[in-house]
Amino acid sequence: MTDTSSQDQVIAEGVDDEPVENNRRMFEGRAFVVVSAVAAFYAAFHMAALNGLSISDWTGIEIPFLPTFPMETWNFRLVHVAGALALGFVLFSGRGFAETRAGETPILGYAAWVLMVPALTSLGIALSFAVEIRNGVMWNGIDEAIRFNETWLYGAPLWVATGGAILLSWFHKRERGAFSAPDIVLAVCGFAVAAYLITIFGTLMRNSTGTPFAPIGMSMAAVAGAALIMELTRRVAGLALVIIAGIFLCYVFAGHTLPGFLNSPQIGWQRFFSQVYTDAGILGPTTAVSSTYIILFIIFAAFLQASKVGDYFVNFAFAAAGRARGGPAKVAIFASGLMGMINGTSAGNVVATGSLTIPLMKKVGYHKKTAGAVEAAASTGGQIMPPIMGAGAFIMAEITGIPYTEIAIAAIIPAVLYFVSIYFMVDFEAAKLGMRGMRDDELPKFNKMVRQVYLFIPIIILITALFMGYSVIRAGTLATVAAAVVSWLTPFRMGLRSILKAFELAGIMSIQIIAVCACAGIIVGVISLTGVGARFSNLLLGLAEASQLLALFFAMCIAILLGMGMPTTAAYAVAASVVAPGLVNLGIPPLTAHFFVFYFAVVSAITPPVALASYAAAGISGANPMETSVASFKIGIAAFIVPFMFFYNSALLMEGGSLEILRAGVTAVFGVFLLSSGVQGWFMGGRAAWFIRAGLLLAALFMIEGGGITDLIGVGLAVGLYFVQKVFHPDPDATLEVKGAD
């Protein structure tokens with residue numbers, strides 16, 4: 001007799017499939033081969049550069065024009081950004097596609113090919129500058145002949161080509177599988193910017209940035225480069241970050257007219273732009289991290305996807321948690337936490353796991369807005385899940401100088417608190433609605449999942465290598481190799497073709513995060529060059545004189561506002577530049593201050609009115625986006641409390657003795673349990689009356705403070721509420737009413 005129940009079994013497939021954006025070109029034939037090869041080479045170049053490998057090392061033969069490793073830092077970052085710009089413009093359209101060839105706009109394409117002349121001119125002049133400098137010509141920013149060449153032979157053609165091609169790309173339409181002429185021009189302009197800056201930064205002129213002696217070509221290249229970065233960011237990440245970057249750029253030149261702490265010194269455009277495309281801005285911490293740790297772990301994620309580990313993570317979560325009441329919601333929590341280790345964006349995590357979990361949540365009885373909200377909140381938590389924690393942890397290590405391993409260890413208890421709180425929230429919701437778990441015949445077999453636990457080996461190797469003292473780069477490389485080796489124990493064995501496909505996928509996946517990091521670098525540059533961050537710190541100090549809690553609340557609001565509509569990486573990078581220094585000046589330890597900012601930058605993805613993760617989930621669930629974002633804010637409410645918990649009790653960040661850390665962790669878990677009970681109105685097996693809920697919230701606040709006395713008060717209050725609930729059975733539907741005469 002055949003078991004037909006297996007036909008209803010939920011098996012995750014396609015979780016690792018590459019998502020295709022609406023404005024992503026889909027090439028075929030030779031075009032596909034060329035673009036795929038370039039994307040694979042771009043990712044493989046980074047892997048080789050980060051590990052100090054080059055062809056000459058293997059063969060002993062010096063090959064002209066190929067870079068030798070290790071590359072000079074600024075040059076490596078310039079190549080990193082230029083490659084992402086070229087790939088990004090080729091792959092992502094500036095507007096929609098033509099449905100048929102008749103819908104194309106060929107006249108605009110011809111106009112764009114005309115712009116190729118100034119684009120190639122600027123690139124050729126930049127390369128000729130390199131030849132002249134190699135031949136001994138002394139470069140400076142005041143020689144009239146050199147200034148003329150830089151202005152009119154390099155800078156002016158570059159501006160014409162960049163500005164004209166950006167404008168044409170907004171109106172030019174081609175079919176989805178065809179190259180677009182304006183975007184080819186923009187790719188050439190990106191190389192022209194990099195070629196000139198690599199040439200100039202290789203001379204003594206690097207020390208002249210931000211001074212009257214800086215070559216004007218440096219400023220003109222930076223203007224074009226900033227425009228290219230902002231345009232690519234618009235295409236791959238939306239307008240939010242571009243608008244914020246534009247506001248900050250306007251502030252540079254208008255800040256001297258503003259009152260109060262916003263007032264800044266007057267800065268000329270040449271001085272500002274000669275410095276913003278250095279390690280004080282675009283080539284600073286954000287690009288430093290995207291060119292090393294981020295792209296390395298994107299390659300790692302691509303190798304895991306190629307071996308279908310993502311499918312296994314989701315199936316394992318279904319097998320482990322699917323039987324519990326409201327099973328699919330709990331699966332979403334576990335699966336999103338696991339996927340968060342290999343997925344660098346909250347919205348991307350939603351798309352990867354939510355396409356399976358959200359329909360199942362609706363099937364077992366969750367409202368569609370709740371289903372989307374659970375997935376959004378859980379996926380956002382993936383960004384705070386050690387050991388990888390999205391990209392923000394690497395930027396935190398770069399900015400603070402705190403070793404990455406210390407940051408990963410400090411993140412353990414806060415991450416546990418976040419996911420435990422979401423678990424309680426969905427469990428209480430399921431209890432209120434009387435939901436069941438999924439049947440055994442609907443789930444993957446747990447025994448089979450356990451037998452494939454070896455698929456966790458790459459993650460285990462990563463964690464082990466980090467805590468054995470290996471560098472992040474070496475640990476990530478070992479984990480990537482392990483992913484390829486482990487794949488040979490599965491049906492998805494990685495041969496040469498699969499490895500090249502993984503590198504191609506990594507090159508494409510990296511474009512968004514590189515553009516975002518570079519654009520965030522513009523904002524960071526404005527903050528550092530105008531001094532607005534220091535003045536904001538003084539404002540926080542003034543607030544703290546009245547109330548330190550008020551200063552923290554204000555910092556929280558600014559971090560969330562700066563992060564709204566932005567990917568996690570950019571949100572944290574900007575907030576870390578504006579808010580974190582002020583918190584440190586209040587006397588808060590750097591690790592606590594940056595974790596505080598990091599958490600609120602992350603949860604901006606589920607904070608109304610602009611909540612990217614919630615909107616992505618609403619697109620899958622079919623619910624109203626704003627209702628979904630409000631519901632996800634409610635479900636993830638603990639994330640807004642946890643930062644205050646570790647501010648008041650640093651033991652939650654693993655600082656202190658073992659017993660102190662253990663006590664802090666246990667009482668904090670109890671605190672988020674009370675918080676979840678109060679928010680959901682479900683306490684100890686039954687619905688809670690309004691005053692019970694209020695008491696639970698008050699008890700949770702006492703537990704949050706973290707002191708011995710306050711913990712005792714919180715526990716005592718919770719025990720008293722439990723006694724009232726069990727003995728008096730107050731009516732959960734009773735409300736506090738004030739009746740007046742009719």
Side-chain angles (χ1 to χ4, degrees), residues 244 248 260-262 284-286 289 383-384 389-390 392-404 406-407 409-411 413-415 417-418 520 523-524 526-528 530-564 566 568-604 607 638-656 664 668 704-706:
I244 293 173
F248 272 86
F261 81 98
L262 290 175
T286 54
V289 173
Q383 303 295 287
I384 59 176
M389 299 169 61
F394 302 117
I395 295 182
M396 190 186 301
E398 184 77 17
I399 292 174
T400 63
I402 299 171
Y404 168 76
E406 288 187 23
I407 292 173
I409 291 172
I413 294 178
L417 294 177
Y418 182 79
I523 301 172
V524 171
V526 172
I527 293 167
S528 62
T530 60
V532 68
R535 291 190 293 278
F536 185 84
S537 298
N538 292 332
L539 178 64
L540 279 182
L541 284 171
L543 283 173
E545 291 178 0
S547 168
Q548 195 172 49
L549 182 61
L550 179 63
L552 286 172
F553 180 79
F554 183 68
M556 175 193 76
C557 293
I558 295 299
I560 291 174
L561 285 171
L562 288 174
M564 282 188 176
M566 293 167 59
T568 303
T569 309
Y572 168 66
V574 174
S577 299
V578 176
V579 182
L583 296 178
V584 172
N585 288 339
L586 295 179
I588 300 172
L591 182 63
T592 303
H594 279 269
F595 256 106
F596 187 92
V597 171
F598 177 62
Y599 254 70
F600 289 117
V602 168
V603 299
S604 65
T607 306
F640 298 86
I641 306 297
V642 167
F644 290 94
M645 295 173 73
F646 57 66
F647 166 73
Y648 284 111
N649 189 355
S650 61
L652 293 175
L653 295 179
M654 297 291 188
E655 295 181 356
I704 286 168
E705 204 281 331

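Position 1 is the first residue of the sequence, and the numbers go up from there.
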Please round to the nearest 0.5 Å and tell me the distance separating atom CD of Glu655 and atom CG of Asn649.
-> 10.0 Å
Answer yes or no: is there a side-chain heavy-atom contact under 4.5 Å between Ile558 and Phe536?
-> yes
Taking the six-membered ring for Trp, is the centroid-to-centroid distance between Phe596 and Phe600 below 6.0 Å?
-> yes
Do Leu653 and Ile413 have side chains that get closer than 4.5 Å, going by heavy atoms?
-> no
Start with the C-alpha distance between Leu549 and Tyr648, add both sets of side-chain angles, then the distance that settles side-chain contact (heavy atoms from CB on, under 4.5 Å), and finish with yes or no.
-> CA-CA 10 Å; Leu549 182 61; Tyr648 284 111; 3.6 Å; yes
Taking every non-hydrogen atom, the tightest pair across Ala575 and Leu562 = CA-CD1, 4.1 Å
Side-chain heavy atoms of Arg535 within contact of Leu539, under 4.5 Å | no
Can you list the steps and then say if Val574 with Ile244 is a side-chain contact (heavy atoms from CB on, under 4.5 Å)?
-> CA-CA 10 Å; Val574 174; Ile244 293 173; 5.5 Å; no
Work out which heavy atom in Val603 is nearest to a heavy atom in Thr607; give both atom names and the distance.
-> O-OG1, 2.6 Å
Are any of the side-chain heavy atoms of Val597 and His594 separated by less than 4.5 Å?
-> no
Enter the distance from Phe647:CZ to Gln548:CD here, rounded to the nearest 0.5 Å.
-> 3.5 Å
All heavy atoms of Leu540 vs all of Ala551, minimum pair found to be CD2-O, 3.6 Å
Go through the steps to decide whether Tyr572 and Gln383 satisfy the test side-chain contact (heavy atoms from CB on, under 4.5 Å), and finish with yes or no.
-> CA-CA 11 Å; Tyr572 168 66; Gln383 303 295 287; over 6 Å; no
Could you tell me which non-hydrogen atom of Ala571 sits nearest to which non-hydrogen atom of Ser604, and how far apart they are?
-> CB-OG, 4.5 Å
Between Tyr418 and Tyr599, is the ring centre distance below 6.0 Å?
-> no
Does any non-hydrogen side-chain atom of Asn538 lie less than 4.5 Å from one of Asn585?
-> no
What's the shortest heavy-atom distance between Ala410 and Met654, and which atoms?
-> CA-CG, 4.2 Å
Determine whether Ile384 and Phe595 make a side-chain contact, defined as any pair of heavy atoms from C-beta on separated by less than 4.5 Å.
-> no
Distance in Å, Leu543 CG paired with Leu550 CG, rounded so as to fall on 0.5 Å steps | 5.0 Å
Looking only at heavy atoms, what is the nearest atom pair of Thr286 and Ala520, with distance?
-> CG2-CB, 4.2 Å
Pair Met645-Leu417, side-chain contact (heavy atoms from CB on, under 4.5 Å): steps then yes or no = CA-CA 10 Å; Met645 295 173 73; Leu417 294 177; 4.1 Å; yes
Hey, what do you get for CG (Leu586) to OG1 (Thr592), rounding to the nearest 0.5 Å?
-> 12.5 Å
Indicate yes or no: at least one non-hydrogen side-chain atom of Val578 is less than 4.5 angstrom from one of Ile527.
-> yes
